[in-house]
Amino acid sequence: MAGSPSEMEKEANVPDPVVDAGLQADTTESPITPEEKITDDSISNDDEIDRVDEDTEAANKRAELSRMKSYATATSVATATSVTPTKQKPWYKQPNPLRWGRIPPIPKDRPVCPEYKANFFSALFFQWMAPLMQTGYKRSLEFNDIYTVNPNRAVDPLTDVMRASFKRRVANGDKYPLLWAVHETFLKEFWIGGLCNLMASIVMVMSPFTLRYLIQFASDAWIASSRGLPPPHIGAGLGLVFGITAMQVMQSLCTNQFIYRGMLVGGMARASLISLIYEKSMVISGRAKAGGEELSDVPTGPGKEAKDKNNKEGVPNGHPGVSGDGVGWGNGRVINIMSVDTYRIDQASGMFHIMWTAPIALIITLVMLLINLTYSALAGFALLAIGMPVLTRAIKSLFTRRKVINRITDQRVSLTQEILQSVRFVKFFGWESSFLKRLEEFRAREISAIQVLLAIRNAIMAISLSLPIFASMLSFITYSLTHHDLAPAEVFSSLALFNALRMPLNLLPMVIGQVTDAWSSMARIQEFLLAEEREDEATLKPDSPNAVEMHNAFFTWERTPTQESEGTVGSGPPKVKSAKAPKRKSKGPQGRASSPSDSAGEDASTLVEEREPFKLQNMEFEIGRNELVAVIGSVGSGKTSLLAALAGDMRRTEGEVILGASRAFCPQHAWIQNTTVKENILFGKEMDKDWYDEVIKACALRPDLEMLPNHDLTEIGERGITISGGQKQRLNIARAIYFDADIILMDDPLSAVDAHVGRHIFDNGILGLLKDKCRILATHQLWVLSRCDRVIWMEEGKIQAIDTFDNLMRDSEGFQRLMETTAVEEKREDGEVAKDPGADELPKKKKGKALMQTEERGVSSVPWSVYTSYIRASGTMLNAPLVLILLILSQGANIVTSLWLSYWTSDKFNLPMGTYIGVYAGLGAAQAILMFAFMVSLSIMGTSASKTMLRQAITRVLRAPMSFFDTTPLGRITNRFSRDVDIMDNTLTDAMRMYFFSIGSIIAVFALIISFFYYFAIALVPLFLLFLFATGYYRSSAREVKRFESVLRSNVFAKFSEGLSGVACIRAYGLKDRFIVDLRKAIDEMDSAYFLTYSNQRWLSVRLDLIGNCLVFTTGILVVTSRFSVNPSIGGLVLSYILAIVQMIQFTVRQLAEVENGMNAVERLHHYGTQLEEEAPLKTVEVRKSWPEKGEIIFDDVQMRYREGLPLVLEGLSMHVQGGERIGIVGRTGAGKSSIMSTLFRLVEISAGHITIDGIDISTIGLHDLRSRLAIIPQDPTLFRGTVRNNLDPFGEHTDLELWSALKQADLVPADQPSSPNGTTTEVAARDPNRIHLDMAVEEDGLNFSLGQRQLMALARALVRGSQIIVCDEATSSVDMETDDKIQATIANGFRGKTLLCIAHRLRTIIGYDRICVMDRGRIAEMAAPLQLWKIEGGIFRGMCDRSGIRMEDIRGAKEEMGMRDAEYSGNGDGSQDEEGESSEKRDE
């Protein structure tokens, strides 16, 4: 009787607790970074919404919809299911009376969940679901069909109860406050489930025992008829049949209620915990966030308890001087708690009661077995008693393995994400193959680890499935050897009992695993909820004369989280770190420790030397209520920190801060919400039309709004991806102005906008609308200083001076120097050539169509072609038949084993006892081995297919043209490479195994029954049809509900991570409560669908159990009526089987859904692996090694558009660049400057014309050949995780000496720094840990370097390449003057004699170049030497110069300076320079 896993074992579905015990049939989440969860299969355009007429009702509806928007794409839940007309159904559903009658209309408002008012029977049979199921069967469900959440289960009241209870318990000093708070909140619901489970367990044991009497009845009748005695009355037999059926029905109802209640408690607990975690993340202190020590110099929140808690909870207290585990609560970790840990608690509470009911069931079973088999039962039980602990140990070993695998998976996913985030960059440099190689290494390790894990797990499964067989074997053998006859009644009743044991035995280890998981999650959440809270650092005095006062105030950032090194691929050997002295680490040489928002949390990279965090010292100033104060200073002097201190984001260690009014905060990195532009500006305030219009005008947003498809109702994508950097920054400023607070903190908001726009905002916004407010402005733009009331000049965290601009200019030497380095003339404006950094020149015409492509999604079931390609990917098509043959063999062995037992009990062949026993044992063993073979072959096939398909998909995606990445949200791509791959690796093969197994068992049993009782076939047919119908009925609505649930869930994740990343903003504006309410609404929406998925499943379970119970009844009746003609041994066998099979039936349905879901993931990966368009090939013709020698570039009548159907961006561009010439390219935003670069690198193929470099037409050569011979300094410097070395030279083609020389030239290391010949840089590091060296670790996105350094790093990269043509998309807009000068000097010296194309944002940087090309609307407007252009009165260039205050002398001066630099250089060891350039060039080939 192997292989008939009973109801709940299947219910639990995945027997590796760590992969995740997916209780909801269709979804399993795995610990994946939440961004990946964001996109979902159900995404459709905004258009449906936009068609709503603008009457009031529709407007309300739209507001409702926009709140429901999902994250990664401009889509809304309401349109998530594209309505497909009801299609032609297959034959058996066509003449279907249930489809008759009218199709229910879509309700205006969402109805409340009927469960709220349902009566007892309706609740018992889940009949209250019927209206929804019926609607779903007749048409596709719409969002308004989904019931709103049952008010008793809404998140608001429950969270309040839980919070109150938790606070009370913490105050009382309880040991596990969170656990008991959760228990108290869900007490009633939880224990009702427990009682149901207890009853079900008892009945589950009693019905096989009652079977004994039924078989005894048949035996008596058989014996009586063979001996001619009077048979027993048929009434007794019928009574027993009715009794057994009644018990089965009761068990079914109890089990369903238990699972439903358990899952509901889990879902509700999860909802409340997410809400609590979010509330806490809004108030957690920076120190707790960074995992720093709890110092005594600051009033602490309720954090003291957390310290001694940690050790009790078994959190290792490894790093001295670090509270808790020294990891801190970075955003990544909080999101992890919210997504993974709450999910584990949700999972565990579903089946929790089995922990105590299973042992009770075991004891009762043992008693029954002893009655049946006397002491022989103990033999079998002993085997179980020995086997279970061993299996549990084995399962524990799976945990540790799974942890290791999770770590590899995380590394693979984060590497994938990094590559995709900077895919444009990877393409520019032609680095795809290097990254693919790194991914392959991770993937190979991951897959082999997974295969080992699955093999062990399959062995455990095979053994645990055959344990009851071996146990029953032992018992029967002992029983017969102790001179008992094997009577059918005892034997088959016992066989049924041993089979009944299988369920608690299989579930127990899994549930224990889940509960221990949940326990550690609970401890972790509790630790987070107890972490120290932030007191607002400032005192509010609304009546004080000044807006801001600081008296002798000291502030500090927190240390960044300690990081364990996981020798990532390519990061060299893990760094050794001593636990004795926790060093400090910070943001690069300037020593600004990364502020909490930067800390990458759990995923931060290898531990590097840590350093003291950045501090502000002795801040002493007062700012009046309507003053405008500028904060200036060089990079890393503490400007941002000062504003952060005022916004309440930095910890005050002494002194006092007094704020006289409310504040608004405009951070350096604009935080943009994923809602409409209007919502972003209103930020929770009421709409005041006139003020709103003024703000928009002052921020120069009017023209931008005109361009957007729906004006200010346009959705902005996640992290603001659909708008340019300058637009983000302006929204940021508009929000601060609109908020109408009295203190406005602005952190360099003008850096990201064009100069003339900056001036407009400064005049109309900062000096205009805000003239009566207190404004504090950190800035690099020195032209604003003279218009400020006072200037605060910072250096190294201290205030150098506070005074008016004129006084400082008069009195302070240092200040004059600072001013001189930047401008000759006061009104030096960064003649920025009006281009927003970040506007990727997507021609922003008014487009009504959403920018993001709708995700293609399988509407009906998965096509067969996907199945075949899946099998093919596993190596060969022969794998499928092999697996099937193994399945048939193992099922056959299973049936034969039991048949042999029935032959033995009736002694059919008159063999000696030994023979019967030997054959029986042999068959049992064969069955276990075959089962194991089937499982292993299936999982190996699955994982190899997964490996192949992922490789194809990733390769294909990296070869996709840029237009694919422009129109596909990142979250969707990463979702495929994490979530979908995870399903293929871990859950799909499991689902398949269980499905095949259940189907195999059921068919085998039915075949067995029909071969003896052919009348059974008559009952089977109608029941089978009923079964088909019920499942079809269920799936039509279940699929839609599930789909809504996923969209709504990603909505919760989106809101959560968005709020988390904007905590500083939300706090500074004081809008915490509004965001919490918002999140709770989203949680309720998610739960409304989430809970329905449960009741949906239970509705089906109850109905299907009914069919199964009819089968039991039929079999019972057949055994009773044919009691004279059929041997009771056979009757017993059949009855014991049918009891076991009942629960399998509903199971196959659920497994089928699982398999389909899994195949969905396969389909999506397969689509990426085969259907995406590709760029031109990497290699075509051989190109000579030394090309390009001169670097001469000819553009010949080039035309280019970004995508089919978009207007031309370059219209007939022709220019001839001599080898070694320096060309500056200027022009307005969208004039086509960056497009020139895209065509040169063939990121976008040109529509007409030719580009030749040194005589070779670039469209004829392979992309890799082309891109690897050009160098680019891109606009936003991208660094990858790893070391400085792999960032400069990922293929390892250059010597350390060349790398050092590039670092020196780029001014990243002082020229006198000795580079040790073999490049070991430990001694350098030891002398001064702030120095950059080759093995220094680079964190994700290079966050441990300042922006200026990242920029210089990009420069060093181009120097290392040593190619003859350099394209520089100038990115000095975010860099201060000093760094800018460094960059310009390096470009002038390092790239002498090379062809240089520089796209300029500041005119001043290029007026010394050989020629200047002025672009306008995709054409060259003017092109000549700077002086000639300057002389053209009324020319574009001349106009730019005049606006930037550039005179003839400046141009001459710049030219001479260039000339001098060149001369100086050629006199100065010129040869070596050239040689080095050449050698590296040769090697670049």
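All values below come from the heavy atoms of this structure, side chains included, with hydrogens, waters and symmetry mates left out.
- The shortest heavy-atom contact between Tyr278 and Gly1059 is OH-CA, 3.5 Å.
- With a 6.0 Å cutoff to the six-membered ring centre and a 45° limit on the axis angle, Arg424 does not count as a cation-pi contact of Phe965.
- Closest approach of Leu682 and Glu686 over heavy atoms only: CD2-O, 4.4 Å.
- Side-chain contact between Asp688 and Tyr692 is absent, with no heavy atoms from C-beta onward closer than 4.5 Å.
- Distance check: Asp109 CG to Asn144 CG gives 7.0 Å after rounding to the nearest 0.5 Å.
- Of all heavy-atom pairs spanning Ala630 and Cys788, the tightest one is CB-SG, 3.6 Å.
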Take Val1052 and Glu1085, measure what side chain to side chain contact (heavy atoms under 4.5 Å, CB included) needs, and give me the verdict at the end. CA-CA 9 Å; Val1052 171; Glu1085 305 279 57; over 6 Å; no

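- Under the 4.5 Å side-chain criterion, counting only non-hydrogen atoms from C-beta, Gln417 is not in contact with Leu420.
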What verdict does the salt bridge (charged side-chain N to carboxylate O under 4.0 Å, His left out) test give for Asp704 and Arg730, after you've listed the backbone C-alpha separation in whole Å, the side-chain angles of each residue and the deciding distance to 0.1 Å?
CA-CA 10 Å; Asp704 302 86; Arg730 296 208 297 275; 2.5 Å; yes

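- Using a 4.5 Å heavy-atom threshold, the side chains of Asp649 and Phe665 count as separate.
- Between the side chain of Arg110 and the main chain of Ile146, a donor-acceptor pair closer than 3.5 Å is present.
- Closest of all the heavy-atom pairs between Ala736 and Ala664 is O-CB, 3.8 Å.
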Checklist line | Test side chain to side chain contact (heavy atoms under 4.5 Å, CB included) applied to Asn764 and Lys697, step by step | finding: CA-CA 8 Å; Asn764 301 342; Lys697 203 162 97 215; over 6 Å; no

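- The main-chain N or O of Asn626 is found under 3.5 Å from a side-chain atom of Arg775 such that the two form a donor-acceptor pair.
- Evaluation of the side-chain contact (heavy atoms from CB on, under 4.5 Å) rule for Asp1084 yields Val149, Ala154, Val155 as partners, not counting sequence neighbours.
- Using cut-offs of 30° and 60° on the angle between ring planes, the pair Tyr1069 and Phe739 is perpendicular.
- Side-chain atoms of Asp789 come within 3.5 Å of backbone N or O of Leu628 as a donor-acceptor pair.
- Residues Trp691 and Ile737 have side chains in contact (heavy-atom distance under 4.5 Å, counting atoms from C-beta outward).
- With contacts defined as side-chain heavy-atom distances shorter than 4.5 Å, the pair Met1440/Ile1436 qualifies.
- At distances below 3.5 Å, at least one donor-acceptor pair connects side-chain atoms of Arg663 with backbone N or O atoms of Leu646.
- Judged by distance alone, the side chain of Asp693 and the main-chain N or O of Asp690 form no donor-acceptor pair under 3.5 Å.
- The aromatic ring centroids of Phe683 and Phe1075 lie less than 6.0 Å from each other.
- Defined by atom type and a distance below 3.5 Å, a donor-acceptor pair is present between the side-chain atoms of Ser275 and Arg1080.
- Of the possible polar contacts, one joining the Lys1233 side chain to the Gly1227 backbone as a donor-acceptor pair under 3.5 Å is found.
- The backbone N or O of Ser1057 lies less than 3.5 Å from no partner atom in the side chain of Asn331, so there is not a single donor-acceptor pair.
- Between Asp747 and Ala778, the closest heavy-atom pair is OD1-CB, 3.7 Å.
- Going from atom CG of Asp1078 over to atom CD of Gln673 covers 8.0 Å, rounded to the nearest 0.5 Å.
- Not a single donor-acceptor pair under 3.5 Å links the side chain of Trp671 to the backbone N or O of Val1063.
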From CA spacing to verdict: side chain to side chain contact (heavy atoms under 4.5 Å, CB included), Ile681, Leu701: CA-CA 11 Å; Ile681 297 175; Leu701 279 167; 4.1 Å; yes

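- Asp1073 is linked by a side-chain hydrogen bond (donor to acceptor under 3.5 Å, both in side chains) to nothing, counting only residues two or more places apart in sequence or in another chain.
- Side-chain atoms of Glu142 and Asp145, non-hydrogen and from C-beta on, do get closer than 4.5 Å to each other.
- Phe762 places a side-chain heavy atom less than 4.5 Å from the side chain of Arg787.
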Original post:
Between Glu1058 and Lys1055, does a salt bridge (charged side-chain N to carboxylate O under 4.0 Å, His left out) hold up when you go through it step by step?
Top reply: CA-CA 5 Å; Glu1058 185 176 77; Lys1055 281 214 168 24; over 6 Å; no

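- For Arg1074, the salt bridge (charged side-chain N to carboxylate O under 4.0 Å, His left out) criterion is met by no residue, not counting sequence neighbours.
- Within the 4.5 Å cutoff, no side-chain heavy atoms of Thr779 are placed close to those of Met746.
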- [ ] Could you walk me through whether Ser1238 and Tyr1202 pass side chain to side chain contact (heavy atoms under 4.5 Å, CB included), step by step?
- [x] CA-CA 10 Å; Ser1238 298; Tyr1202 274 101; 4.1 Å; yes

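- Under a 3.5 Å cut-off, the side chain of Asn732 and the backbone N or O of Cys666 do not form any donor-acceptor pair.
- The line from OG of Ser1046 to CG of Asn1051 is 12.0 Å long, rounded to the nearest 0.5 Å.
- When every heavy atom of Ser1235 is checked against every heavy atom of Val1209, the shortest pair comes out as OG-CG1, 3.4 Å.
- Using modelled atom types, no side-chain atom of Arg625 and backbone atom of Asp742 make a donor-acceptor pair closer than 3.5 Å.
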